[in-house]
Amino acid sequence: MERELLMTGIGGQGVQLAAQLLAKAATRSGRYAQLFGSYGGMMRGGNTDATLIIGQEPVQAPPMVGSAWSALVMHHEFAVPTLDRLRAGSILVLNTAVVTRELLPPVPDGVRTAAIPASELAIELGSPAAATMVALGAYAAVTRILAIAELVETLPEALPSYRRQHVASNERALHAGADAAAGYGVLEAAWPAEVRAQA
Amino acid sequence: MERELLMTGIGGQGVQLAAQLLAKAATRSGRYAQLFGSYGGMMRGGNTDATLIIGQEPVQAPPMVGSAWSALVMHHEFAVPTLDRLRAGSILVLNTAVVTRELLPPVPDGVRTAAIPASELAIELGSPAAATMVALGAYAAVTRILAIAELVETLPEALPSYRRQHVASNERALHAGADAAAGYGVLEAAWPAEVRAQA
Amino acid sequence: MSADTPGRVLTRGTLVIDVEACKGCELCIDACPPRVLVMTDTATNSRGYRYPELFAGCIACQACTAICPDFVFQVYRYDEPVELEASLETSADDGA
Amino acid sequence: MSADTPGRVLTRGTLVIDVEACKGCELCIDACPPRVLVMTDTATNSRGYRYPELFAGCIACQACTAICPDFVFQVYRYDEPVELEASLETSADDGA
Amino acid sequence: MSTDASPASPRRMLPILPTDAPPERASRLIHDFTPDLIEVGAHHLCPGCGEPIAMRSILEAVAEADAIARAIAVFGIGCYTAFSNNLDCEVLQALHGRAPSLATGVKRARPDLLVFTVQGDGDMVNEGLQEVVHAAARGEQVTCFMLNNGVFGETGGHMTATTVLGQRTKNTLDGRDAEAHGYPILMSNLLAGLEGVAYVARGAVNSHVNVNRTKKMIQRALQVQQQRLGFSFVEILTMCPTGWFIETTEAPDYLADKHAAVHAMGVLKDAAVTGGPGAA
Amino acid sequence: MSTDASPASPRRMLPILPTDAPPERASRLIHDFTPDLIEVGAHHLCPGCGEPIAMRSILEAVAEADAIARAIAVFGIGCYTAFSNNLDCEVLQALHGRAPSLATGVKRARPDLLVFTVQGDGDMVNEGLQEVVHAAARGEQVTCFMLNNGVFGETGGHMTATTVLGQRTKNTLDGRDAEAHGYPILMSNLLAGLEGVAYVARGAVNSHVNVNRTKKMIQRALQVQQQRLGFSFVEILTMCPTGWFIETTEAPDYLADKHAAVHAMGVLKDAAVTGGPGAA
Amino acid sequence: MGPEMQLMEGSEAISGALVAAGVRFFAGYPMTPFTEVLEHMARRLPAVGGVCMNAESELEAVGMAWGAAATGAIAATGSTGQGLSLMQESLSEITLARLPLVVINMARAQGDYWQSTRGGGHGDYRHLVLAPADVTEAVALASDAVDMTLRWRNPVQLFGDYFLAHTYQSVELPPMRELPPRPEWALTGESGGTGQAKLVSSLGSTKQREGVGYDLSEHYAGGVANTEAMLAGEPPRIETLWCDDADVVVVAFGTPARFIRDAVRKLRESGERVGFARPITLVPFPSKAIAEAAEGCRAVAVYENNQGQMVDDVRLAVLGRAPVTFIGGLSMDSSGFGIAPDLEVGLLADRIAEVLAASGERGAA
Amino acid sequence: MGPEMQLMEGSEAISGALVAAGVRFFAGYPMTPFTEVLEHMARRLPAVGGVCMNAESELEAVGMAWGAAATGAIAATGSTGQGLSLMQESLSEITLARLPLVVINMARAQGDYWQSTRGGGHGDYRHLVLAPADVTEAVALASDAVDMTLRWRNPVQLFGDYFLAHTYQSVELPPMRELPPRPEWALTGESGGTGQAKLVSSLGSTKQREGVGYDLSEHYAGGVANTEAMLAGEPPRIETLWCDDADVVVVAFGTPARFIRDAVRKLRESGERVGFARPITLVPFPSKAIAEAAEGCRAVAVYENNQGQMVDDVRLAVLGRAPVTFIGGLSMDSSGFGIAPDLEVGLLADRIAEVLAASGERGAA
Ligand SMILES: Cc1ncc(C[n+]2csc(CCOP(=O)(O)OP(=O)(O)O)c2C)c(N)n1
Ligand SMILES: Cc1ncc(C[n+]2csc(CCOP(=O)(O)OP(=O)(O)O)c2C)c(N)n1
Ligand code: SF4
Ligand code: SF4
Ligand code: SF4
Ligand code: SF4
Ligand code: SF4
Ligand code: SF4
Ligand SMILES: [Mg+2]
Ligand SMILES: [Mg+2]
């Protein structure tokens, strides 16, 4: 079973770091992750996207997929190709602090959305750059892709050495996201029960 | 009709110059020549060979042939592959001043030989380097491949500019060779009568 | 050269600043001899970059435009210098 | 150094010349300080090259072997110099 | 564009002058946004990059020499390549390192044209060292401009053959160490020693004073070419805050203190002074 | 072998000494035919060629440094390549121009070995200029020997990047002309200016005095390498009568009057004197 | 799966695998998407006593690797597109000199298939070419590349792309291997003065005996024999899926093959009889396996991210037994890095469906 | 035949023909057997106001030719083996930049067939490749090469060898042609400052419009279209003899084909039904004509002076309709120049006879 997560945002939102964290945490948990990130150069405000696939067996899917189980949209500017790949039943975590209703490009029918004002929560936490961490916390909560604890444990390894002092703030961001998503419950569990038990 | 002439000698005997002269004269006479020379570097005493083909139409034969209508052997040292390519009826002009009976490698049966002490005659003429010119004169005489006059006319063009002063001595060498071969008559005329008339 | 009236500063020229072209590198800030260029505090252009603003006292020396990697400036020289209201900060050496 | 007996020349060493290896370039001829090396007139080795021959008066200086491109020489130094019969030519400066 | 007028900042109190339109007061435009020959002003080079500054000076000099309609620029490969399809001046794009040979072909085929290359240190001193040295020794009547930032900016800030000792780059993690990575090549000094070379100068764009000084070098180099005095060369030290892993505002001083301390600025050779190639 | 004793020649009268066997008189062999490390003495280089002389000196120096069993020679491509399969010293054959990079790989993999290249002017200054300059700047602990005859001997005597002005070669039929073909590169001078370089000297083999002087340069260069002082380089001017289209006997003077007049002999740099690379 | 599993991008995983397999010398020059291989090598090699050279250019990189390889060090180099083109002269001669070398070809798209498989240099030579489709396979093939290059004394290429270099996957690096003993042909200096001094040369390693010069013909004949033995002795590898009853078999290699596999899987799921074949070794090409996979099918479709190169090898394998249709195309990627934005599973499935439609059903005349 | 006929070696004749056809810029670096082309160019070009550069290396030679070509001068360069390998990066990019260029490839033997016909550089590109068998044909093809390279704005190679370079033949050089007008894409400096300044680049010649960067995909698509048009538009050429009733057709190219032709003629004379086919254009390969020539024969034999490269193209042409046997082999020439001492008409005839014997007679099952 492979679970696809598409992430899209703009430079400075921390999309790649969050993607790395989830992929590393999944690997630590004994799952197989595959992550392909792309970003438009070093310019601020450029697009930043990631295709993350987590499976219980070595990943078979290609680095970029045409259809995804879930998405995490931090910004609307380059979001169209991501939203286009969602299908009925896909899970969408939306950073509503930036992507307001008016700015949101069309979303396929049947997509289940968790609206999380991630950027706002991050600013409130004093870590505006941790916006995607907040959204990731929410994503983990509504999908049970991994436990928040598993993400937190992986933080020290995922952060570049010169950013290790940010472990605590990122931890807070993950929890804040999970808390913000509490109202959605589990939209769809990523893994069948027996697998979750195993992990 | 194509007539093959293989030439072999050692550095310093003037083999390549004689080959060039015949090829150029043939071209001037409206025939088609093809000449491929090979020599073993700049060392004195190295081999020097040439495959010359003259035809009335553009030459079809490859640059080096397996079987030849005639040969001109100035030295025995590297002569075996040349003699091997002669067949019954082939014409051989042999520089007997160097290639004595004892030194001569086996010659196929039926080869018609004109024995010309070319090197000796050249020394007598005071032009030891013109040995192959003498042999070429003899060759022209016994094959009528071209008239001696045609060779003589081409001399100025064939000699490199810094050797133009040698026209006269080379002319003498050609005649001396033809004279020396007089006793053999025409062993075989290179071209059918009508062709000769045309030229 | 000409002594400034206190509280006012002799101004020989001015700029047009193509704010949208700016990438916020601040090279112009240090380059400006009278230090009349100052970065916005938090205001940014649409790409998210802060950009310079001009105070009185420009001497039209073209230093800012010489060093700006993003071709942000037009420099104009006044036909006649004028005195404009200045601030303490901009005339002080440690400027903005 | 030691004055030569007239008609004889002090000789400090000698050569072995690998005549077959020689390519007749004559570099040794000019290199030899006492000019005791001379090319054959017409004699050649089997490849057709003339080669050097040695007269009395070698000083075992190794100049010939230093410059010979074809490694033709062995140089021997006599334990004791000897006087050998010389020729006018070889002791003269314009030598052979 | 969001305008912020937070009253917390004292600076906001100052009289900011309007700069969104030409002044109404009588005045003269003395320097425009973009040099005439750069067709699209906006480029995607990094904030604080020195290369656009150098590029601008080169183009201004070509325009001022009134040579726009008889010039061909040959571009190398590096970040500056962003300008190769962005100029209103004819451009031939070369492969990485090969521009001087292409420029040679252009100039020999069209000796009447003004031919110059735009290359970086990676392009010229690494990949294409041989080409430029040969062109210089040949006394080729072309001008080569080298934007020297001591790194391959384009690939992310790796060491080049001009990186100074001790400089940290992406693949000299502990700083360039002579034992492991050797010494920098001082390109201007190397070329100045060649007989075919008529003009060599090293400038920089880390201050407006240096920008102006360098502009004069560029002008002189083009002049030397037009007078057919021999090969001309201007090396321009440029900031690369991205590849140097420092703030944009630190880059000009870093250039002066590190890079220019080794690659010293100045005119190293001028045929007019020494009497032309061959006179040295 | 035909011995001629024509009575017409007065020289035949002179007492020619026997030289076909070692002397019977008590004596000591002080110089043998072929240096120990040249396995097959005979080679097919032209009469009067300077390259075998240089080759001999290099090998003698290696032997005298007692480094035979820990040396690797890296050969370029030129007439001297005839020696690459002819030595009792380990040899790595490089492509035309690439020897310094191969030598770098060898030395970095085996820093304990003595590594040197044997290249010609065509190989080093034409095809492989970049490789040697980079290796030198890197302060690579190898020695490069360059046999400089100012032509591609191997291809028949064409102009190289060291051919002096006015020299007639196969493709500069009217002599090398600066306008058309540029100026020669003075390789030793170029390298001496690089910081990583510890030793540079230019010798020649056109007289036994120069052969001996050059031998000392070679010895010193190898010493410099063994002391890990930096890159070392000896350029050796060699005769190429074939490529120069002159008599063998004229070649030594031609070298002195033409080639060495431009490529001047001498020690250009010695780290022991100047204090090692980096001290300059 | 295990505690040693780590998330790594392809470049890092390949570097790690090479070092684990014994590579101790690397030289390279940055170029996207090869750059990170160089960076990871620069980090990993010094730690194990190896050497990584920041060569001044690709020409010099391959030369340095050549020199190191001649001493018996296990050496590697690599580049991308233009850089590999520059190395062709040396790659050709290193092969003639019978030296082992691992070449990491992080290609931009797949336009260099011919260069890699035919040899872009001069003369007759072949490199073994391994084309992993993902990071896990790249790790395995990197180890194999080291084994193969030592076994045959012939360069071996790992043919990857931007995706392979930059995709992160959970992988387990193999443990560090003990270095094999230095091969007897390697230069060490020690044979000098013995009368048997070694020679490593593309012209042969036999010293001059009689006469002058190398024994070129002997050397060339040896090279030919080695190439033949290598091509015959190294088993071709391929991944095939669902070919037994396929109407159409689709052939693709490298990362693009994963997109094709996905497209084929999709078509299978919707009931189409489509098969999938992915050559893992491009040299030797799995011709027999492809011919078998194509046995009885109505058409073979070939996808490559180029104008059609491997399609020749597929045609040579199938040799007229089924029509071979090219469904690939040049990467129109505006970054120039060949990340192939046209690699869309849906689009690929459509192209395959077209071939299916045109070819009719298996067994039907 | 006429008074203008002169005896010339191939190198000189090719040089003369190129200059007559309009080549005005040449740059090269000596290497046997290409050297004489350079020498003759150095003699002939200045006389007609052209330029011949003694480039310091092959890399620089091809760069100089590139620069000259960009100004609209008809340019040529060339080399041999190693030298051509060094040029691959540039040859690839010159093609992408859509510049005309004539490349004289005086190969050592025929081991560089793949390099020439597939392109040894990076990416998808093809050069037209013309392989004359003798000097007369070389003269004609040299003129055609100039026409073709101007017609397609794509490099064209003349693939010769030691024999072609060094064989003297009686030939007539074509008269000097008038130079064509400078093409509109050529750089002249003049468009500078007009707002439409020209750009010549392998990344495209469209200037930056919206956004940043070249329009790579447009440029690549244009290149693909040009390559396809060229390959379809340039008629393949071939010489065929005695194929109609042949039991075995022998395919060979270049000078070696003349030895094969002689061998085939000999076999015909002794009553054997052997045919001969010689591709004159290697790109485009005369596949259709080969397939036709092979129609009904029992076997196709391919001779090349290499380990077997063109044999792939023959197999692709015949596509299983007849067995294809390789009867060539690597040149074992000890000079290294590939003059192929194994090219013996008798020996070749024997090899062909073997294929004949093994294949049985035409029409017999
Ligand atoms: C043959 C080749 N190798 C490598 C590259 C990758 N590459 C592109 S730009 C560049 C470095 C450019 O450095 P520099 O010229 O200093 O320019 P900068 O980016 O610093 O402006 C490299 C290595 C290439 N394009 N071609
Ligand atoms: C890439 C390449 N280009 C050209 C050649 C042909 N070539 C062989 S040796 C040589 C010149 C050698 O010159 P140099 O190094 O000066 O040696 P010399 O022959 O003068 O001793 C050339 C051009 C070659 N072998 N390889
Ligand atoms: S120098 Fe230019 S880009 Fe940088 S801050 Fe000033 S105006 Fe902006
Ligand atoms: S023109 Fe001079 S004084 Fe005016 S803003 Fe620019 S730098 Fe400052
Ligand atoms: S130097 Fe040597 S090769 Fe030359 S003539 Fe003297 S002995 Fe003979
Ligand atoms: S050793 Fe000296 S003196 Fe004796 S022959 Fe040689 S050069 Fe002359
Ligand atoms: S990487 Fe450096 S050189 Fe390149 S654009 Fe950025 S600052 Fe400029
Ligand atoms: S051509 Fe010159 S370098 Fe070569 S062997 Fe002859 S003399 Fe020596
Ligand atoms: Mg740079
Ligand atoms: Mg030389």
Side-chain angles (χ1 to χ4, degrees), chain G residues 58-59 80-93 107-115 117-126 203 213-218 220-221 223-224 227-228 306-309 312-313 315-316 318-321 329-336 341-342, chain H residues 58-59 80-93 107-115 118-126 203 213-218 220-221 223-224 227-228 306-309 312-313 315-316 318-321 329-336 338 341-342:
Chain G
E58 290 88 351
L59 280 177
T80 298
Q82 284 86 343
L84 261 301
S85 294
L86 281 169
M87 292 186 179
Q88 290 304 319
E89 186 201 19
S90 292
L91 290 177
S92 172
E93 297 275 325
R108 296 182 176 181
Q110 301 190 311
D112 305 343
Y113 178 90
W114 274 335
Q115 187 195 65
T117 59
R118 266 65 174 171
H122 51 285
D124 272 279
Y125 68 99
R126 304 294 293 270
L203 306 173
Y214 290 90
D215 194 339
L216 276 182
S217 60
E218 186 185 299
Y220 289 163
V224 169
T227 306
E228 278 170 6
N306 61 31
Q307 263 187 274
Q309 301 187 7
D312 272 6
D313 284 332
R315 286 209 176 94
L316 286 167
V318 174
L319 221 58
R321 283 182 291 254
L330 205 63
S331 168
M332 294 297 169
D333 166 33
S334 67
S335 76
D342 45 336
Chain H
E58 290 88 351
L59 280 177
T80 299
Q82 285 86 344
L84 261 301
S85 295
L86 282 169
M87 291 186 181
Q88 290 304 319
E89 187 202 17
S90 293
L91 290 178
S92 171
E93 297 275 326
R108 295 182 175 182
Q110 301 190 311
D112 304 343
Y113 178 90
W114 274 334
Q115 188 196 63
R118 266 64 174 173
H122 51 284
D124 270 282
Y125 67 98
R126 306 293 292 271
L203 305 174
Y214 290 90
D215 194 340
L216 275 181
S217 60
E218 185 185 299
Y220 289 163
V224 168
T227 306
E228 278 170 7
N306 62 32
Q307 264 187 273
Q309 302 187 8
D312 272 7
D313 285 332
R315 285 208 177 97
L316 285 167
V318 173
L319 220 58
R321 282 182 290 253
L330 205 63
S331 168
M332 294 298 168
D333 166 33
S334 67
S335 76
D342 44 337

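Note that these values count all heavy atoms, side chains included, but never hydrogens, waters or copies made by symmetry. Since we're looking at a predicted model, the values are computed, not measured.
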Minimum heavy-atom distance between Arg315(H) and Leu319(G), given as atom pair plus value: O-CD1, 4.4 Å

Tyr220(H) versus Asp333(G), closest heavy-atom pair with distance: CE1-O, 4.4 Å

Check: Asp124(H) side chain, Asn306(G) main-chain N or O, donor-acceptor pair, under 3.5 Å: no

Asp112(G) (side chain) donor-acceptor with Gly123(H) (main chain) under 3.5 angstrom: yes

Contact origin within Leu84(G) toward chain H - heavy atom pairs under 4.5 Å: neither

Top of Gln307(H), Arg108(H), Gln309(H) for chain G proximity - count of heavy-atom pairs under 4.5 angstrom: Gln307(H)

Chain H interface, residue from [options] that has the most non-hydrogen pairs under 4.5 Å:
options: Ser92(G), Gly81(G), Gly223(G), Gly120(G); answer: Gly120(G)
options: Gln110(G), Met87(G), Arg321(G), Arg126(G); answer: Arg126(G)
options: Thr227(G), Leu330(G), Val224(G); answer: Val224(G)

Proximity breakdown for [X] and chain G, heavy-atom pairs closer than 4.5 Å:
X: Leu59(H); answer: side chain
X: Ser90(H); answer: neither
X: Glu228(H); answer: side chain

Test applied, side chain to side chain donor-acceptor pair (under 3.5 Å); reference residue, Ser85(G); option that passes from His122(H), Glu93(H), Gln88(H), Glu89(H): His122(H)

Pair Asp312(H) + Arg118(G): basic N to acidic O under 4.0 Å: yes

